Every structure is written in C-alpha cells, then in structure tokens.
Colleague: 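Here it is, the structure in full.
Each chain gets a letter, A, B and so on, in the order the sequences are listed, and its residues count up from 1. Please read all numbers here as calculations on a predicted model, not as lab measurements.
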Amino acid sequence: MSNPEPSVMQKIVSLSKRRGFIFQSSEIYGGMNGCWDYGPLGVELKRNVKEAWWADMVSRHDDIGVLPGAQSSFEMTGLDCSIIMHPQVWRCSGHHDLFHDMMVDCKESKKRYRHDQLRGRWAEYRDKKVFVTAMADPEEEDEAFTARAQKFFGLRAKDRDQIKWDGSACSLETIDELELVLGPDAKDAGTLTEPREFNLMFKTQMGALHNDDSMAYLRPETAQGIFVNFKNVVDSSRVKIPFGIAQVGKSFRNEITPRNFTFRVREFEQMEVEFFCHPDTSQDWYSYWRDRRMNWYLNHGLSSENLILREHHSDELSHYSTGTADIEYAFPFLPEGEYGELEGIAHRGDFDLRSHMEGKLDPNSKPLEVQLGENGKPLWKGSGKDLSYRDPVSNEKFIPHVIEPSAGADRAALAFLCEAYTEDNAPDDKGEMQSRVVLKFHPRLAPMKAAVLPLVKKDGMPEKAQEIYRELKRKFPVFYDVKGAVGRRYRRMDEAGTPFCVTVDGETLSDETVTLRERDSMVQTRLKVDEAMQAIQEAIDC
RNA sequence: GCGGGUGUAGCUUAGUGGUAAAGCCCCAGCCUUCCAAGCUGGUCAUGUGGGUUCGAUUCCCAUCACCCGCUCCA
C-alpha cells in the first residue's frame, strides 16, 4: 500500500509535531477533539504574533500624530478582562439567544430542526395515528400537514377527507410521544431524536456549590468585556473620542465541527480592538481599519496572492451594520479558490453600547429598538447605566459608533506557518542539490532570531561562540548548537524558521568577525560581531 | 450530528494469529574549517477498552483521535 505524496497540509502538521510547533492536546490520553497545544517553537511564534499586534495597535501607537490614511489622530489603550462575566452580558450581547437552542435531529433525513420552530398536528386514519410535522409558513401549514399525512397513509388526493384531525396545529414542544412523530422530511414516523440542548457557549459553575444561580459562561468573544468597561476606561484614562481599546485573550465556543488543525477549535485566542468614534465619521474609520489591518498581514509576510479582503454584500450584513469585511487566507487545507477567515472588521454602529444600556436590541428592528418579551417588557434588561459620551469641546452628547477589527491569534499564527512552509533546493557538501525544508518566517515572527554555531568543536571556537551567544541572547532569542557538521546545523535552523546563523571560525578568535548566514538566500556575509547583531536587530524591527 | 477512510518508534513506512523490521531524526563518542545522508554504539512503537483464542499488533465489537465529504459556522 503506497500512499500518494502527502499534502502540503499533512507535511505542515507533521513538521509542527516533529519540531515542536503544535501538538495534539492531551495526546498521551488519546487526544481531545479540537484542542491543540503550542510547543517550544509554537509558543514563541504565537507570542510573537500577539506581541507584534499589541505593539503595533497599542504600545507603539502614536497618539499625537496623524497616521497615513487616518482622518485625525486617535488614542489607543488596552484592557484585560475576566473570562467569566456576569451572565446578563451574554443575554444583552445577543449570544444567549443566538447560541442557545433545543434541536432535534432526524435519523432518516439527517436534517436538524429547531425544536420550537417545528409545528405539527395529530392525524388519524383507520387505526393509525401520527403527529405530522412540516416546515411551512403559518398560512400554508394546514395544507402542508394534509399533504404529508396523505402521503404517509398512502391515500389518494380524493380520499384526503378521510383523515381525522385531532386538535389544531401546535409546536413539537408540546408532544411527548416522539415515536409517533413524522419528521418534516421523513417517510417513517419516529425518526426524530429527543430534543437536545444546543449551546454554543461553554457553561460553567461559579463557586463550589452547583445550582441554577451559580451558572456562568466562558466568554465566546473578548469584545463584550470591552463594551462593558467602556465607561470605566473613559472615566479613568482621560481618553477622548476617537479612541480604541484593545484586548488579547482566550475565548470559547462549542463549535459543532472542530476541523482543520488549529483553524476551527473550541478554545482559541482573539486579538480585538473596539474603536469608538463619532457616528458622522464612522464610515471613514471603518475604511481606515479595514485597510490598515489588511496591510498588517501583508507586512508580516503573507503573500498578496494568498490573502483577500472580502467585503460583505449588503444582504449579508446585519442591517445596523454599514460595513463588514473579512480578511481571508488561502489555507492549504481548503480547496483551490476558497479562503478561510483570519479577521473580521465590522462597523457595529451603536448596537453594543445601547444594548448594554437599554436592554438587548432587536437586531431586526429599524431603527433599532429594545427587543420585547411576551409580557411586553424588555426581553433582556440592560445595565441601565449611561454609556453615552459627552464631547468635552463641543459639549455634544452621543452614543459612539464602534468599528471592530477582530482577529484570531491562532488563525494568524497558522497562516504565517503555512505561508512560511517552503521546499526548495540547496547544495550539499559535494555541491549536489538536495531538497530543503525551510520556514520563511518574517524575522519579527520567527521563534528564534539567530543560531550561534562554532564551525568545528575545537580550537577555542565553542568557547568564543558561547561568549557571543550570551551577548546576543540579551537582545533576542538565540540558539546555540555545536553538534555535527555545520551544514546539518544550518538545515536544522532552516526547518525551525531561524532567519540567521552566526558562525564562529578561526578568524573570529583574532579579529572578532563572524559569518552571518541568511536563511532564505543562504548568502553569507563576513561582519564584526556588533554589526551582525545590529543587522539581526534591524531585520526584527522592520 | 451523518457517511467514508486512517491509526505500528519523534517522523515516514514495512510486516505478522506465536521473538515487531527499516530509513530518517534524536542521544553518546569519533571524524569534520561553511550548507544534511562518514564511522561506532545507543534510546524509543502496535491510540484506548473489551471480546474470541493456549496466545491478538493482526480477527470481532466499542470508544477516542485525525483526515475527506455532508451539515453547521453568531
């Protein structure tokens, strides 16, 4: 049984494990569906992604100057909030209603239905009784039930009126005898499963005693923590609109189908900005963030051939949003021409702040109004706190609009890993070309920035190399390796994505020069140790 | 959630109802003055749990994980 050539994705997964980028979670116990761990090199890669993002969005941000493409200067600040928040946060955010359904599956048709949306009616013919269901509009449902029952009982159209109907149409929720239920797309009765709770939010218990009051959720996104702290940040930090609040952290979603390595997982890390601005300027800020975020990926090495900016069509948008764009990458596990989302940039209007003020807004209302429950009161009460903003100069009071660039840290790390994976050819010691695996990471993202290698393990070279290693290590992550032929060590570093090798030879001992070998081109340059360090630092900083 | 496939060392593979094989990697030496496969030695494996059997890595069942397709994707 000879297998075909492994796919690029299989090679990346294999390399990830072999070199310590990404491991299956809990592997010694057989693994955990959709969970992955970052190994020694992977943790550096992902940290570099997050740190580059944080530096570019927050710590290095120029609060005073006007950045290219921006209409004015703006401030950026950060936040780190708890993963478990007040359950009302998720009711007002809309996650509770959207993520929380009772579902039934049909074993015959393999279709899945919302338990509360499935309606039917009891029908009887001769000795057979069945609860026929159908997916139909209320005006047409009686006709649909009749058609389903007629087919089930094997009757002709003219014999329809022989079907006896018992009671009026009702929701499946009122029916206990599932074995007598005919599914909307089934031929036989009794193919529907018991209703099962379908909850995309992770539930947990707050406190050691478990009861209904102690139920809490693990956050499904970091964004809500920013919205609920909006007033705190404004009151404590002297920021003025426009400004952004950034946060990096873990989020949890019970994805139905974890798939594709670390792309779709249940525990993941987000890098989100909520950018608050005046409603009149929000469209320009939306365009600004969309373009800036796209360029961020391009500047860190993703090829423009593999990256697209996809603007959502107007019919895809929540109507309160006036723009949403996805930054998508052509991951190797996807079919040709398909892309997977790295980041979404959404214009969210004032939906979130108002929902946390007034109560959950009905996303289908226009203009936005608080969603009411059956008793005519708000379905989910808001905080009642005033989350509007008063401009200190104009004295205008308004609820800011929000632009939300929301990125996946794991997805970004995976995209950079996939983009970096390259097979090319390099000469061996006899000058014959051999295949080479090299990870062409941007130096800023590479787990190790350089390796320090004594050319041979004698004549004082190891001692000198260790000295240089300690000097460089104060500035950035460096690896020391003395084992085996130097060519072998170069290849090992190529496979780990280390952009530079500093090689110590006989000359180093007398004149403090080394060779600096560049990973992608394999070009070597003879430099002073200080110059080599500077060259590496410049490559990282760019 | 459904259907199909796969699961043997860190990786890639071989093989068998009766002692599990190899290459690469890795480790310890030796050799080596700039791009992997010179020498010697060494570590390490049948996903998990049952069943059949004198004996199971092999056959059967279940389970877990991964891959492909469907479904889902705020």
Side-chain angles (χ1 to χ4, degrees), chain A residues 1-3 5-7 9-11 13-20 23-36 39 90 93-101 103-113 193 196 198 200-201 220-221 223 251 253-261 263-264 316 318 324 333 335 340-341 344 346 363 406 425-438 453-459 461 482-495 501-509 514-519 521-524 526:
Chain A
M1 190 173 70
S2 68
N3 289 342
E5 177 76 358
S7 69
M9 202 58 216
Q10 284 172 318
K11 290 180 184 176
V13 172
S14 170
L15 174 69
S16 292
K17 178 168 188 194
R18 182 160 34 100
R19 292 310 304 259
F23 306 127
Q24 173 87 60
S25 167
S26 317
E27 194 185 74
I28 63 170
Y29 287 110
M32 190 72 189
N33 183 272
C35 295
W36 301 90
W90 307 113
S93 71
H95 290 85
H96 178 92
D97 295 343
L98 275 167
F99 282 20
H100 202 232
D101 288 315
M103 308 288 282
V104 293
D105 289 302
C106 177
K107 287 178 257 189
E108 184 185 314
S109 68
K110 312 299 183 201
K111 295 203 166 153
R112 177 174 289 154
Y113 313 94
T193 61
R196 284 177 288 193
F198 223 76
L200 268 53
M201 280 199 288
E221 63 171 35
S251 293
R253 296 178 190 181
N254 271 314
E255 293 287 351
I256 296 165
T257 317
R259 195 64 72 93
N260 290 329
F261 205 30
F263 182 77
R264 172 162 294 145
E316 281 182 274
S318 316
T324 298
F333 52 77
E341 183 180 345
S406 171
N425 292 303
D428 64 15
D429 59 347
K430 296 173 192 69
E432 289 175 32
M433 297 309 274
Q434 304 285 346
S435 71
R436 172 177 85 135
V437 172
V438 51
L453 313 172
L455 189 56
V456 290
K457 196 167 64 174
K458 59 183 184 187
D459 300 339
M461 290 180 211
V482 70
K483 297 183 192 81
V486 72
R488 174 191 296 275
R489 285 177 273 158
Y490 287 149
R491 298 303 170 81
R492 271 201 286 251
M493 288 301 113
D494 291 341
E495 209 181 47
C501 289
V502 174
T503 305
V504 170
D505 57 23
E507 261 184 86
T508 312
L509 303 171
V514 292
T515 58
L516 185 68
R517 181 256 194 193
E518 200 275 326
R519 174 193 65 202
S521 64
M522 294 178 281
V523 168
Q524 289 173 269
R526 184 136 212 121

Colleague: Quick one: does A:F23's side chain get under 4.5 Å of A:W36's, heavy atoms only?
Modeller: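 Contact flag for A:F23/A:W36 side chains = no.
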Colleague: Thinking salt bridges, do A:E27 and A:K17 make one under a 4.0 Å N-O criterion?
Modeller: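 Salt bridge: yes.
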Colleague: Using modelled atom types and a 3.5 Å cut-off, is there a donor and acceptor pairing between side-chain atoms of A:R488 and backbone atoms of A:K483?
Modeller: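 No, the answer is negative, given that no donor and acceptor are paired below the 3.5 Å cut-off.
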Colleague: When the C1' atoms of B:C68 and B:C27 are considered, how many whole Å apart are they?
Modeller: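 The answer is 39 Å between these two C1' atoms.
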Colleague: A:C501 and A:Y490: side chain to side chain contact (heavy atoms under 4.5 Å, CB included), yes or no, with the steps?
Modeller: CA-CA 7 Å; A:C501 289; A:Y490 287 149; 3.6 Å; yes
Colleague: Would you say that A:R491 contacts A:R436 through its side chain, given a criterion of any heavy-atom pair below 4.5 Å between the two side chains?
Modeller: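 When only atoms from C-beta onward are counted, A:R436 and A:R491 do touch, with a gap below 4.5 Å.
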Colleague: Taking CZ from A:R18 and P from B:C25, how many angstroms apart are they, rounded to a whole number?
Modeller: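 It works out to 11 Å between those atoms.
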Colleague: Work out how far the C1' atom of B:U57 is from that of B:C25, and round it to whole angstrom.
Modeller: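 Going atom to atom, C1' in each nucleotide, I get 24 Å.
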Colleague: Report the distance from atom CZ of A:F263 to atom C1' of B:C72, rounded to the nearest whole Å.
Modeller: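 Those two atoms, CZ and C1', are 14 Å apart.
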Colleague: As a quick check of understanding, evaluate side chain to side chain contact (heavy atoms under 4.5 Å, CB included) for A:S16 and A:F261, giving each step before the final call.
Modeller: CA-CA 11 Å; A:S16 292; A:F261 205 30; 3.9 Å; yes
Colleague: Report the base-pairing partner of B:U46 (Watson-Crick or G-U wobble, both distances below 3.5 angstrom), or none.
Modeller: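 B:U46 is paired with nothing.
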Colleague: Where do N or O atoms of nucleotides 26-33 of chain B meet protein N or O atoms at under 3.5 Å, pair by pair?
Modeller:
from, atom 1, to, atom 2, distance (Å)
B:C26, OP1, A:R492, NH1, 2.4
B:U33, O4, A:D459, OD2, 3.1

Colleague: Distance check needed: B:C35 C1' versus A:L516 CG, whole Å only.
Modeller: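 Nearest whole value for this atom pair: 15 Å.
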Colleague: Distance between the P atoms of B:C67 and B:C59, in whole angstroms?
Modeller: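 After rounding to an integer number of Å, I get 25 Å for this pair.
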Colleague: Say you pick atom P in B:C61 and the same atom in B:G4; how far apart are they, in whole Å?
Modeller: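 It comes out at 13 Å once rounded to the nearest Å.
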Colleague: A:R264 has an atom CZ; how far is it from atom C1' of B:C72, in whole Å?
Modeller: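 Rounding to the nearest Å, CZ of A:R264 and C1' of B:C72 are 8 Å apart.
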Colleague: Mind checking the C1' distance from B:U63 to B:G7? Whole angstroms is fine.
Modeller: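 These two C1' atoms come out 13 Å apart once rounded.
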Colleague: In whole angstrom, give the distance that lies between atom CD of A:Q434 and atom C1' of B:C35.
Modeller: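 Distance, rounded to whole Å: 11 Å.
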Colleague: How far does the P atom of B:U16 sit from the matching atom of B:U58, given to the nearest Å?
Modeller: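 Their P atoms lie roughly 14 Å apart.
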Colleague: Side chain of A:K17 only, heavy atoms from C-beta on: which candidate in B:C35, B:U71, B:C11 is closest?
Modeller: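 Closest nucleotide to the A:K17 side chain: B:C11.
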Colleague: Could you list the protein-to-nucleotides 60-67 of chain B atom pairs, N/O on both sides, closer than 3.5 Å?
Modeller:
from, atom 1, to, atom 2, distance (Å)
B:C64, O2', A:G30, O, 3.2
B:A65, OP1, A:N33, N, 3.2
B:A65, O4', A:G30, O, 3.1
B:A65, O2', A:Q24, OE1, 3.1
B:C66, OP1, A:G34, N, 2.9
B:C66, OP2, A:N33, ND2, 2.8
B:C67, OP1, A:F261, N, 3.1

Colleague: Using whole Å, what does the distance between atom C1' of nucleotide B:C34 and atom CE of A:M493 come to?
Modeller: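 Rounded to whole Å, this separation is 15 Å.
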Colleague: Looking only at N and O atoms, is any donor in the side chain of A:Q524 or the base of B:C34 less than 3.5 Å from an acceptor on the other one?
Modeller: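 In this structure, the two groups form a donor-acceptor pair.
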Colleague: Let's test this: given Watson-Crick or G-U wobble pairing with both distances under 3.5 Å, identify the partner of B:U6.
Modeller: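 B:A65 - that is the nucleotide pairing with B:U6, both distances being under 3.5 Å.
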Colleague: I'd like to know if the side chain of A:D505 reaches the main chain of A:E507, judged simply by a donor and an acceptor atom lying under 3.5 Å from each other, with no hydrogens or angles considered.
Modeller: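 Between the backbone of A:E507 and the side chain of A:D505 there is a qualifying donor-acceptor contact (under 3.5 Å).
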Colleague: Using a strict cut-off of less than 4.0 Å between a Lys/Arg side-chain nitrogen and an Asp/Glu carboxylate oxygen, indicate whether A:R489 and A:D494 qualify as a salt bridge.
Modeller: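 Salt bridge between A:R489 and A:D494, a charged N being under 4.0 Å from a carboxylate O: no.
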Colleague: So does A:S14 reach the base of B:C11 with its side chain, donor to acceptor, closer than 3.5 Å?
Modeller: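 In this structure, the two groups form no donor-acceptor pair.
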Colleague: Strictly distance-based, threshold 3.5 Å: is any side-chain N or O of A:T257 a donor or acceptor partner for the main-chain N or O of A:R259?
Modeller: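 It does not hold such a pair.
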Colleague: Using the C1' atom as the point on both nucleotides, what is the distance between B:U8 and B:C44, in whole Å?
Modeller: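 Taking atom C1' in both B:C44 and B:U8, they lie 13 Å apart.
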Colleague: Just by distance, do the side chain of A:Q10 and the backbone of A:S7 share a donor-acceptor pair under 3.5 Å?
Modeller: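 At least one qualifying donor-acceptor pair exists.
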Colleague: Tell me the partner of B:C73, counting only Watson-Crick (N1-N3 plus N6-O4 or O6-N4) or G-U wobble (N1-O2 and O6-N3) with both under 3.5 Å; none if nothing fits.
Modeller: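 WC or wobble partner does not exist here.
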Colleague: Pick the P atom in B:A14 and in B:G47, then give their distance to the nearest Å.
Modeller: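 Looking at atom P only, B:A14 and B:G47 are 15 Å apart.
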Colleague: On RNA chain B, check which nucleotide each of A:E255 and A:T503 is closest to and give me the residue with the more 5' one.
Modeller: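 The residue whose closest nucleotide sits nearer the 5' end is A:T503.
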Colleague: More than 12 foreign heavy atoms under 6.0 Å from CE of A:M522: is that the case here?
Modeller: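 Counting other residues, nucleotides and ligands, CE of A:M522 exceeds 12 neighbours.
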Colleague: What I want to check is whether an N or O donor and acceptor connect the side chain of A:R436 with the base of B:C35 at under 3.5 Å.
Modeller: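 A donor-acceptor contact between them is absent.
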Colleague: Counting only Watson-Crick or G-U wobble pairs whose two distances fall under 3.5 Å, which nucleotide matches B:A56?
Modeller: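 Pairing partner, where one exists within any strand: none, as none qualifies.
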Colleague: Tell me the interatomic distance from A:I28, atom CD1, to B:G49, atom P, rounded to whole angstroms.
Modeller: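 Taking atom P of B:G49 as the reference, CD1 of A:I28 is at 13 Å.
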